Protein chains: 2
Amino acid sequence: MTAETRAPRPMRADARRNYEKLVAVATESFLANGPDASLDDIAKRAGVGPGTLYRHFPNREALLDAVCVQWADSVAADAAPLLTAEDPTAALNEWLVRLVDHVGAFKGLASALLLSADRKHDTAWVLHHTSEELVERAKAAGGIRADVTTSELMQLTSGVTYACGTSKAMKKPSSSPERLIGLIMDGVRLR
Amino acid sequence: MTAETRAPRPMRADARRNYEKLVAVATESFLANGPDASLDDIAKRAGVGPGTLYRHFPNREALLDAVCVQWADSVAADAAPLLTAEDPTAALNEWLVRLVDHVGAFKGLASALLLSADRKHDTAWVLHHTSEELVERAKAAGGIRADVTTSELMQLTSGVTYACGTSKAMKKPSSSPERLIGLIMDGVRLR
DNA sequence: TGCTAAACGGAGACAGTCTCCGTATTGTTG
DNA sequence: CAACAATACGGAGACTGTCTCCGTTTAGCA
């Protein structure tokens, strides 16, 4: 087989236009109506037929992914200063809190993504990768236990996101993300 | 007003029959197909029309609740031995792990319930109440920090449930509930 | 300018939710 | 043990959302 897995073809101009419009409209719509927003409606707002939407994104998941990819980059960029912070453990703590906030802002839309450390999954990968760096730095500085993995921290963090998101949706008071992440960090910190 | 809020009327025999059949069938169906199981289908299997289902349970939430109430009692009963265990902290740990398993068996169906400490919500209340007892015992024994609330532990536990459930659904390997609850307990334990 | 692969978009099949209302059943009362 | 409310039933059907199929249009190349 020739090396055609990459760049099979450059995508026609109108196709690209529609693709981008769809992602933009979808972002808006998912933020406004949550992850169950009507896809046909998104297509309509983007000025295309449902068929076009479904050709670009075979299912809701795919569209959600595309939306999240854009978002994940901005979130990861947010971490840059933390990577060189003086206290790596505090930086990790701060990052996890931000993660909860960011993911929460997406109405839990992306919380599943934290869990998959899969390279195929761009969003997840970006976030996992960033987290890993922070975790490694904290470990190297002797700030946290060596036996705790990044995945475990991501799982716990995604859990906090879920719990805070659900509580908010039910209008139940809940402890702040800071507090819950703090508790988790307490279990992980070396003393 | 006369004290008629209680027992407004005893429910007709056929109504009760249908109610119970519906809950039974719904339990089965939710376990098999997750919380999105078709309600009309549940009605059909129970041998009633959709109208009947919707009269008893105005929406999916209500039916889910009814199913969970039954289930919560059995889960809480499971905790009885733990309430008198020698090591209250270990007992609490064990209880949280079981909670994750039980809730997870319901395919995350009930995980939202862990979060609402609302008296109105029977299911949540039973579980919260049981947890509270175990937490108090652990605190009294000096096993865990006094500043940690039951609600916080429930939030973290529901998060673990969510994370483990989602990982399983995506066929991603994830750390065991035991491990994650263990990490949480590490943050909460007095040393 | 003309041709072809690529992309479009909307009609419509299908599935699920939920309501309305005519019909049937229950249990009570004389 | 009628007969009659009150209560409950159930299914037709309106509505909403998902997703597909295929005839039509368009971009980009020669």
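These numbers were taken from a predicted model, which means no experiment stands behind them. Lettering of chains follows the sequences in order, A, B, ..., and the numbering in each one begins at 1.
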Rounding to a whole Å, what distance do you find between [X]:[atom1] and [N]:[atom2]?
X       : N      : atom1 : atom2 : value
A/Lys44 : C/dA11 : NZ    : C1'   : 13 Å
A/Arg16 : C/dC8  : CZ    : P     : 12 Å
B/Ile42 : C/dC18 : CD1   : C1'   : 14 Å
B/Glu61 : C/dC18 : CD    : P     : 11 Å
A/Asn18 : D/dT26 : CG    : C1'   : 12 Å
A/Arg55 : D/dC22 : CZ    : C1'   : 11 Å
B/Glu20 : D/dC9  : CD    : P     : 12 Å

Please name all residues satisfying side-chain contact (heavy atoms from CB on, under 4.5 Å) with B/Ala90, sequence neighbours left out, ordered by chain then number.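 So B/Ala90 forms a side-chain contact (heavy atoms from CB on, under 4.5 Å) with B/Asp87.
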Kindly write out the residues that satisfy side-chain contact (heavy atoms from CB on, under 4.5 Å) with B/Arg98, not counting sequence neighbours, or none if the list is empty.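 For B/Arg98 the side-chain contact (heavy atoms from CB on, under 4.5 Å) partners, ignoring immediate neighbours, are B/Asp78, B/Leu82, B/Glu94, B/His102.
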Classify the ring geometry of B/Tyr162 against A/Tyr162: parallel below 30°, tilted from 30° to 60°, perpendicular beyond 60°.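 Aromatic pair B/Tyr162/A/Tyr162 classed parallel.
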Would the distance check show the side chain of A/Arg189 and the main-chain N or O of A/Thr89 forming a donor-acceptor pair, the cut-off being under 3.5 Å?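 No, the answer is negative, given that no donor and acceptor are paired below the 3.5 Å cut-off.
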Look at the side chain of B/Ser29 and the backbone N and O of B/Val25, then say whether any donor-acceptor pair between them is shorter than 3.5 Å.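 A pair under 3.5 Å: no.
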SB check A/Lys44 A/Asp40 (cutoff 4.0 Å):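 Salt bridge between A/Lys44 and A/Asp40, a charged N being under 4.0 Å from a carboxylate O: no.
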OP1 or OP2 of D/dG10 versus the side-chain N and O atoms of B/Thr52: is any pair under 4.0 Å?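 For D/dG10, OP1/OP2 do have a side-chain N/O of B/Thr52 under 4.0 Å.
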With respect to the phosphate group of C/dC8, does any side-chain polar atom (N or O) of A/His56 fall under 4.0 Å of OP1 or OP2?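 Yes, within the criterion.
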Distances under 3.5 Å between protein N/O atoms and the N/O atoms of nucleotides 16-20 of chain D, please, pair by pair.
residue: D/dT18; atom: OP1; partner: A/Arg60; partner atom: NH1; Å: 3.0
residue: D/dT18; atom: OP1; partner: A/Arg60; partner atom: NH2; Å: 3.3
residue: D/dT18; atom: OP2; partner: A/Ser38; partner atom: OG; Å: 3.3
residue: D/dT18; atom: OP2; partner: A/Leu39; partner atom: N; Å: 3.0
residue: D/dC19; atom: OP2; partner: A/Tyr54; partner atom: OH; Å: 3.4
residue: D/dC19; atom: N4; partner: A/Asp40; partner atom: OD2; Å: 3.0

Considering only heavy atoms from C-beta outward, does the side chain of A/Trp71 approach that of A/Val103 to under 4.5 Å?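 Counting from C-beta outward, A/Trp71 and A/Val103 do come under 4.5 Å.
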Applying side chain to side chain donor-acceptor pair (under 3.5 Å), which residue pairs with at least one partner in residues 135-147 of chain A are found, sequence neighbours left out?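 Those involving residues 135-147 of chain A are A/Arg145-A/Asp147, A/Arg145-B/Asp186, A/Asp147-B/Arg179.
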Specify the closest pair of heavy atoms between A/Ala76 and A/Trp95, including all atoms of both residues, with the distance to one decimal.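 For A/Ala76 and A/Trp95, the tightest heavy-atom pair comes out as CA-CH2, 4.4 Å.
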Interface polar pairs with nucleotides 27-30 of chain D, N/O, under 3.5 angstrom:
residue: D/dA27; atom: O4'; partner: A/Arg12; partner atom: NE; Å: 3.3
residue: D/dG28; atom: OP1; partner: A/Ala13; partner atom: N; Å: 2.9

Interface polar pairs with nucleotides 28-30 of chain C, N/O, under 3.5 angstrom:
none

